Colleague: 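What follows is a structure written as structure tokens; I'll ask about it next.
Quick caveat, the model's predicted, so the values are computed rather than measured. Here, residue 1 is the first one in the sequence, and each next residue gets the next number.
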Amino acid sequence: MPLLVPRRPRPASTRLAVLLLSLLFALPALAAPDWTLEDPAGRRVSFADELAQGPVVVSFWATWCKPCLKELPQLEILAGRYQGRVAFLAVSTDDSRSIAKVEPTVRAHGWENLVVLLDTGGEVQRQLHVDAMPFLILYDREGREAYRQTGYVMGSEADLELAIEKVLGPEGPLAADVSAPVVAGMAPMACAPPPTTGDLTATDRFEYSYATETRREIVENWLDLSLQRGNVRAGLTLDSQSPGEEGGRRNEITHRWFELTRGEMALRVGTFHGLFGRGLLFNAWQDRNLRIDTRLDGLIATARHGGLAATAFSGTPSARELDLRGADLEWTSGAGLAGGISGLTWANQAEVGTGAVDREWAASLRARQSLGRADWYVEVAGRNRFSLDAFDFDPASDDPRRGWALYGNLNLYQGPVTLSWEASDYEDFELVSRADGATSLNRPPSLAGEFTWTLLNRAPHALNATDEKGHNLDLTWSGPAGVTAKGSASRLRRHDGGTVYEMAYVSLEKEQWGDFAVNGALGYQDSEGLRQTVAAEVTWHPATGPGWILQAEQQHVRMGGGVGFDLGAYDQQWLKLECATTSNWTLGAVLETNNKYAAQRSPGEDPGPYLAAQATRRLDGGATLNLWAGERQAGFLCSGGVCKYEPAFAGIEFYGTLRW
């Protein structure tokens, strides 16, 4: 008689996710998911309302994304050409660290035909599985996807225009010859056939790398599935690592959720992310490049009535056994004025005292207003600890966990000039540290900005919410004939007066100069060493043939060695030549050189030079495939004040995103 081996039962969370997804197939289908976002002035814009008037183009972008800033002027032209027939929604993915730059960027470039919306908390990005930018979707009148595109190369707007013509039919301005490409020499990309129901969305992101020196392989894969039927949505994420970048192996469902909506109310059970205000109090977010995911597991409810919006949640971080409760209330009045109040409480981290209730709490107040020539935002927050057992807690000897946070932003607009000023002051305000094993649950705005240049982004500054204050000032001038000049300066200090980061930056851009576009910048940074950078980029887009981009950067670095010794200085160069052969293929070559001596190099770092080649293939439906081979230097990868060190690497990498 054969021996029966009992099957290991599936985890309860996995069984629940599979059951909910199965039940959803019995509900009526919905073509396109509906969502609503605010514009910089606080006006709420509904995707469904825009779709009711005709086809809609939705483009996701960010102020720090160089390809996005090249694509948006082309979308602005198309939006003017199809005004009244096709709506163009430019959804900014800038989070709390850079949302203050969105409206100054829009006004500086004069984008008046685009409807700019703010997805600060990433809600719509997660709903539509946006993990790379720029990302664009064209919906037809029925809400079906007619065209999808990831990334941007010169001339790809011609493919979008052909797709718009096909959707509009005889109504389009180019209906007399819709078969001819708009830009000569650029082959049109075939549009994926529109889905019949559009209720199931699947995205698979994969990364493979092989290091030639260590012979180490890394295989990581994230499969995101979401299903929408009527007012019911559900989804899950399967995270596979064999092994992962950090050396571990797993194949498990890390996200699973179920959401019900009715009118302007929504209830979500399972894993969730979220944002209160600009992240001083609560910002649960995910960045797969940095391997950060401060998700919570529990339930979250939202409701809106007129100008009043409320959010409440209860959840547990993935790496901490803590019960968190949070609530947020926001109201909007006349004259573009809005205010909000937030609260957060969790079990005492200090583990001092044995009272029945021994918790920490934090609260914040915020206000904002958008005017014709100005907008401003201010938020103040504080934290403390309380216990119902007064005999157990002694404020004089026990840790009271007091702290505060203050953030403010003022933008001014006068003709071609825009000015943006930010200030922050954080003292002992890291809330729920190591929520995912490394990152805290709150994420106050970092005033150490991010750049569109490679070497300028290698000056690391990790936000210190326990002891940091500073200012940032941006001044932009938009001149005639597509000339834009920008200057920035920032300084961050500790409360004892010590400077931790300084930056001064100027740039000059000419959008079009015949077949060319030019962009140059000068930068000064003082962060764990002094860096002086010169950078330039030249784009050549001839009427026929492929487009070319040459980017060159030179940086002088004086390393900080501490008191009593000096590690000296060195120079490094970064060169990139990129060729867009068609709208489907991009080929590039990167050369890095430096004159470091042995003591300045990281362990295992070669003296160079470092040469690498990359090929990118864009597929129908917004999928992309990338192959990289060569060597690169060690350096930091930073995002919003969170930095990750990347060691030197030699080998091959194959990565991409597939969409269904």
Side-chain angles (χ1 to χ4, degrees), residues 7-18 122 126 129 131-132 202-225 235-257 270-273 283-298 315-322 324 349 430 432-441 443 460 462 602-605 626-628 632 634-640 642-658:
R7 297 178 59 187
R8 186 173 61 180
R10 295 180 179 177
S13 59
T14 302
R15 297 197 304 269
L16 177 61
V18 173
R126 290 187 291 271
H129 296 193
D131 66 343
T203 303
D204 187 80
R205 174 178 171 177
F206 65 91
E207 297 182 11
Y208 170 82
S209 68
Y210 175 77
T212 54
E213 294 185 358
T214 62
R215 298 185 179 181
R216 181 192 178 196
E217 286 184 304
I218 295 176
V219 180
E220 297 180 297
N221 191 87
W222 296 271
L223 175 62
D224 296 296
L225 296 173
L236 56 85
T237 297
L238 177 62
D239 186 352
S240 303
Q241 301 182 13
S242 57
E245 184 178 283
E246 299 173 351
R249 288 174 170 80
R250 68 181 182 187
N251 186 32
E252 60 185 22
I253 294 178
T254 55
H255 300 71
R256 71 283 180 276
W257 50 270
T271 50
F272 61 90
H273 300 89
N283 189 354
W285 59 293
Q286 182 180 22
D287 189 322
R288 288 173 178 169
N289 293 322
L290 296 178
R291 304 302 190 266
I292 292 174
D293 187 0
T294 56
R295 67 187 183 274
L296 296 180
D297 195 350
T316 302
S318 60
R320 298 291 304 273
E321 292 294 332
L322 292 175
L324 285 101
Q349 287 180 279
E430 183 179 277
V432 191
S433 60
R434 305 183 308 280
D436 63 345
T439 311
S440 62
L441 194 60
R443 191 191 185 196
S602 303
E605 183 178 358
N626 301 271
L627 178 63
W628 182 96
R632 62 170 173 259
F636 284 88
L637 178 64
C638 299
S639 175
V642 179
C643 293
K644 170 190 172 187
Y645 179 75
E646 291 280 355
F649 178 81
I652 62 172
E653 293 180 337
F654 180 54
Y655 57 95
T657 301
L658 305 177

Colleague: How close do L324 and P317 get, counting heavy atoms only, and between which atoms?
Modeller: CD1-CD, 3.3 Å
Colleague: State the CZ-CG distance between R288 and D239, to the nearest 0.5 angstrom.
Modeller: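 R288 atom CZ to D239 atom CG measures 7.5 Å (nearest 0.5 Å).
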Colleague: If you compare all heavy atoms of H129 against all heavy atoms of D224, which two are closest, and at what distance to 0.1 Å?
Modeller: CE1-O, 3.4 Å
Colleague: State the CD1-CG distance between I652 and L627, to the nearest 0.5 angstrom.
Modeller: 7.0 Å
Colleague: Do you know the tightest heavy-atom contact between D287 and N289?
Modeller: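 Smallest heavy-atom distance, with atoms named: OD1-N, 2.9 Å.
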Colleague: Please tell me if the side chains of E220 and R291 come closer than 4.5 Å, counting only heavy atoms from C-beta onward.
Modeller: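 When only atoms from C-beta onward are counted, R291 and E220 do touch, with a gap below 4.5 Å.
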Colleague: Give the minimum heavy-atom separation between F649 and Y210, together with the two atoms involved.
Modeller: CZ-O, 3.6 Å
Colleague: Taking the side chain as C-beta and beyond, is there a heavy-atom pair between D293 and S318 under 4.5 Å?
Modeller: no
Colleague: How long is the gap from CG on L236 to OG1 on T271, to the nearest 0.5 Å?
Modeller: 9.0 Å
Colleague: Between F206 and T657, what is the shortest heavy-atom contact and its length?
Modeller: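 Answer, listing the atom of F206 first, then T657: CE2-N, 4.4 Å.
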Colleague: Between R320 and S433 (side chain of the first, backbone of the second, donor and acceptor by atom type, cut-off under 3.5 Å), is there such a pair?
Modeller: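 Looks like yes, one N/O pair under 3.5 Å.
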Colleague: For the pair T212 (side chain) and A650 (backbone), establish whether a donor and an acceptor sit closer than 3.5 Å, ignoring hydrogens and angles.
Modeller: yes
Colleague: Quick one: does L225's side chain get under 4.5 Å of L238's, heavy atoms only?
Modeller: no
Colleague: Can you tell me how far the OG1 atom of T439 sits from the CZ atom of R434, to the nearest 0.5 Å?
Modeller: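 Answer rounded to 0.5 Å: 11.0 Å.
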Colleague: Could you check if a side-chain atom of T254 sits within less than 4.5 angstrom of a side-chain atom of R295, using non-hydrogen atoms only?
Modeller: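 A side-chain contact exists here, since the closest heavy-atom pair is under 4.5 Å.
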Colleague: Tell me if a side-chain donor or acceptor on T316 pairs with a main-chain N or O of L322 at a distance below 3.5 Å.
Modeller: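 Confirmed, T316 side chain pairs with L322 backbone.
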Colleague: Does some side-chain heavy atom of N251 sit less than 4.5 Å from a side-chain heavy atom of S242?
Modeller: no
Colleague: Please examine the side chains of E207 and W222, heavy atoms only from C-beta on, and report whether any two atoms are closer than 4.5 Å.
Modeller: yes
Colleague: Testing the basics here: between N626 and F654, what is the closest heavy-atom pair and its distance to 0.1 Å?
Modeller: O-CD1, 3.1 Å
Colleague: Please report the interatomic distance CZ(F272) to CG(L296), rounded to the nearest 0.5 Å.
Modeller: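 Separation between the atoms: 4.5 Å.
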Colleague: To the nearest 0.5 Å, tell me how far R126 CZ sits from T237 OG1.
Modeller: 11.0 Å
